[in-house]
Amino acid sequence: MSDVPSELKYTASHEWIRDEGDGTVTVGITDHAQELLGDLVFVELPEVGSEMTAGDACCVVESVKAASDVYMPISGEILEVNEVLADTPEIINDSAFDDGWLFKVQPSAELELDELMDADAYEAEIAD
Amino acid sequence: MSQKTVLYDKHAEYGGKMVDFAGWQMPVNYGSQMDEHHQVRQDAGMFDVSHMTIVDLKGERVTDFLRYLLANDVARLKDEGKALYSCMLNEDGGVIDDLIVYYMNDSWYRMVVNAGTRDKDIAWINQQAAAFDVDVNERANMAMIAVQGPKAIEKAISVLPVDEVEAVAEMKRFYGVDCGEWFIGRTGYTGEDGFEIMLPESEAPALWDKLAHAGVKPCGLGARDTLRLEAGMNLYGADMTEQTSPLISGLGWTVAWQPEDRDFIGRAAIQQERDQGVSRKMVGLVLEQRGVLRGHQKVVVENVGEGEITSGTFSPTLKQSIALARVPAETGESCQVEIRGKLLNARVVKPVFVRDGQAV
């Protein structure tokens with residue numbers, strides 16, 4: 001069974017969102033997503049400073065098997081990306097919720113966070 | 001409804017993640033495709049390939065029949081058990097399938113064809129066989145396990161319950177030994193040494209357990225694909241189809257042009273193609289930047305033209321992305337590949353990347 005930490009928010013497209021408490025959020029892909037993808041070998045990260053809208057394909061994670069888009073869970077500006085993933089994308093397989101984070105965002109609106117799934121809803125989503 | 005091989009329960013027991021492949025429920029991996037890949041390159045792994053189709057061809061004129069059916073020439077097979085890789089072409093020179101055929105004796109050959117092409121292959125073979133009075137018998141009740149890797153033979157030999165162990169141990173590469181109900185070929189699809197073991201379905205689960213106990217790790221179709229691509233081996237349906245001739249699929253070496261008077265299906269078409277000059281060729285690509293090459297990506301060759309990747313992946317052995325691509329014949333040593341709108345540089349190489357564990 002995949003791990004689904006209760007303090008995070010989720011999307012149906014398998015991103016997780018952590019509220020950092022300082023107005024910014026961190027985004028990654030869930031443990032369930034990395035399990036579906038298998039061994040990750042490449043991550044194409046978004047550009048720092050770019051402004052994106054919720055639902056935009058902003059990043060690509062590729063496993064040996066397939067390439068998969070990562071979608072912007074909320075609208076906002078990319079503040080920072082996890083550069084370490086360029087050389088060691090497999091960190092996502094080992095630590096999807098911590099060391100394998102993808103990027104940090106300055107949300108353009110407060111509201112959208114509340115519209116995301118909580119852990120229970122996400123767990124139900126991936127149950128079938 | 002997808003079919004299950006006789007090893008389906010074993011895959012569940014060993015933690016296989018099942019996917020649909022060519023109408024069969026097959027394990028894509030048992031945890032990590034990457035680990036399984038390295039296991040085969042460095043030690044020994046096993047694959048359930050029971051979904052593949054084994055066909056016995058028998059009759060007094062079976063040699064004549066196969067010399068007509070196949071682009072490679074079975075007359076080259078003089079020794080009992082010797083194997084030959086060949087394409088089966090249509091009249092237009094397109095590839096219906098690629099296969100391995102073993103010479104058993106003058107009136108019996110055993111053929112292994114792909115799972116995804118089973119129905120059309122059997123129909124085609126039957127249609128052509130009628131004129132030669134050849135009996136076509138699909139051995140659906142046989143399972144097949146491929147044991148591959150530098151330690152595959154040593155480990156497999158230790159658990160084989162056949163009387164012919166000595167003959168099996170001594171057999172040369174690309175041969176097979178008939179062991180009664182079992183048949184063991186020193187063949188494979190990984191670029192490593194090893195066996196492909198055909199056996200009665202009822203005995204396959206027990207062999208799977210014995211091999212696992214001897215340290216041969218179960219590997220899925222995912223690793224099978226990265227291994228074959230590193231070895232530069234074509235995949236039917238991706239690297240060649242009925243719309244491509246062997247000459248533009250990197251398979252010209254499998255066509256036996258001599259003797260010139262041998263008539264085989266598709267000969268006229270590919271002869272004409274050769275006479276007119278083959279316009280495209282199959283090459284290997286190594287991506288020089290970060291990214292992953294995938295099938296259908298566009299290849300751009302400056303001042304020459306465009307081509308297409310037919311299969312691509314990340315090579316676990318080379319830690320770089322590699323691909324097979326069909327490009328203009330004039331393509332030199334470099335090209336670019338379009339990935340998500342960006343052009344990335346790739347090196348053009350012979351389509352063999354790894355052989356017997358070593359980077360080529």
Side-chain angles (χ1 to χ4, degrees), chain A residues 1-3 13-14 29-48 50 52-53 55-72 78 81-96 99-100 102-103 126-128, chain B residues 15-21 26-41 219-230 235 238 287-297 309 311-323 337-342 344 353:
Chain A
M1 253 332 265
S2 307
D3 192 18
S13 49
H14 310 295
I29 63 167
T30 65
D31 193 41
H32 177 72
Q34 71 77 20
E35 229 179 83
L36 289 178
L37 282 163
D39 300 292
L40 287 168
V41 294
F42 177 66
V43 180
E44 192 176 288
L45 293 160
E47 265 178 58
V48 172
S50 52
M52 294 203 228
T53 309
D56 284 355
C58 58
C59 176
V60 179
V61 288
E62 297 205 40
S63 67
V64 193
K65 215 163 42 180
S68 179
D69 284 319
V70 176
Y71 299 95
M72 202 66 183
I78 305 289
V81 297
N82 190 359
E83 303 279 4
V84 179
L85 298 176
D87 285 320
T88 50
E90 64 273 18
I91 290 176
I92 296 172
N93 292 116
D94 300 334
S95 178
D99 298 341
L102 293 172
F103 50 85
I126 62 175
D128 29 65
Chain B
K17 284 188 194 161
M18 307 307 283
V19 295
D20 184 87
F21 176 82
M26 301 301 289
V28 64
N29 65 58
Y30 298 81
S32 167
Q33 171 175 346
M34 201 73 93
D35 291 351
E36 291 160 24
H37 181 104
H38 293 311
Q39 175 72 19
V40 172
R41 285 276 176 257
C219 301
L221 291 181
R224 192 167 157 81
D225 192 55
T226 49
L227 288 159
R228 70 93 193 165
L229 193 42
E230 283 187 352
L235 172 66
L287 187 64
E288 295 187 311
Q289 292 164 266
R290 285 202 174 103
V292 186
L293 302 172
R294 307 275 182 196
H296 305 299
Q297 286 169 350
I309 288 182
S311 10
T313 191
F314 179 82
S315 159
T317 306
L318 304 181
K319 312 257 181 264
Q320 264 178 305
S321 186
I322 58 169
V337 179
E338 190 180 308
I339 304 179
R340 292 185 285 276
K342 287 180 210 154
L344 303 186
F353 306 95

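Side chains included, hydrogens not; waters and symmetry mates left out as well; all remaining heavy atoms used. In the text below, chain A, chain B and the rest are named by the order of the sequence lines, each starting its count at 1.
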Check your understanding: Which residues pass the side chain to side chain contact (heavy atoms under 4.5 Å, CB included) test with B:Pro316, sequence neighbours left out?
Key -> B:Met34, B:His37, B:His38, B:Thr226, B:Glu230
Check your understanding: Tell me, side chain or backbone of A:Glu62 under 4.5 Å from chain B's heavy atoms, or both, or neither?
Key -> both
Review point. Between A:Asn82 and A:Gly100, is there a donor-acceptor pair closer than 3.5 Å when you use the side chain of the first and the backbone of the second?
Key: no
Exercise for review: Pick one of side chain, backbone, both or neither for A:Val60, based on which atoms fall under 4.5 Å of a heavy atom in chain B.
Suggested key: side chain
Exercise for review: Would you mind reporting whether B:Ser315 and B:Phe353 have side-chain heavy atoms less than 4.5 Å apart?
Suggested key: no
Practice item. Just jot down the side chain to side chain contact (heavy atoms under 4.5 Å, CB included) partners of B:Asp35, sequence neighbours excluded, or say none. Key: B:Ser32
Check your understanding: Which one, A:Ser63, A:Ala86, A:Gly38, leads in non-hydrogen pairs under 4.5 Å with chain B?
Key -> A:Ala86
Review point. Are B:Glu36 and B:Lys17 ion-paired here, with the side-chain N under 4.0 Å from a carboxylate O?
Key: no
Point to revise | Region of B:Lys319 in contact with chain A, defined by heavy-atom distances below 4.5 Å | key: neither
Check your understanding: Side chain, backbone, both or neither: which part of B:Arg290 has an atom under 4.5 Å from a heavy atom of chain A?
Key -> both
Check your understanding: With a 4.5 angstrom heavy-atom cut-off, which part of A:Asp69 approaches chain B: side chain, backbone, both or neither?
Key -> neither
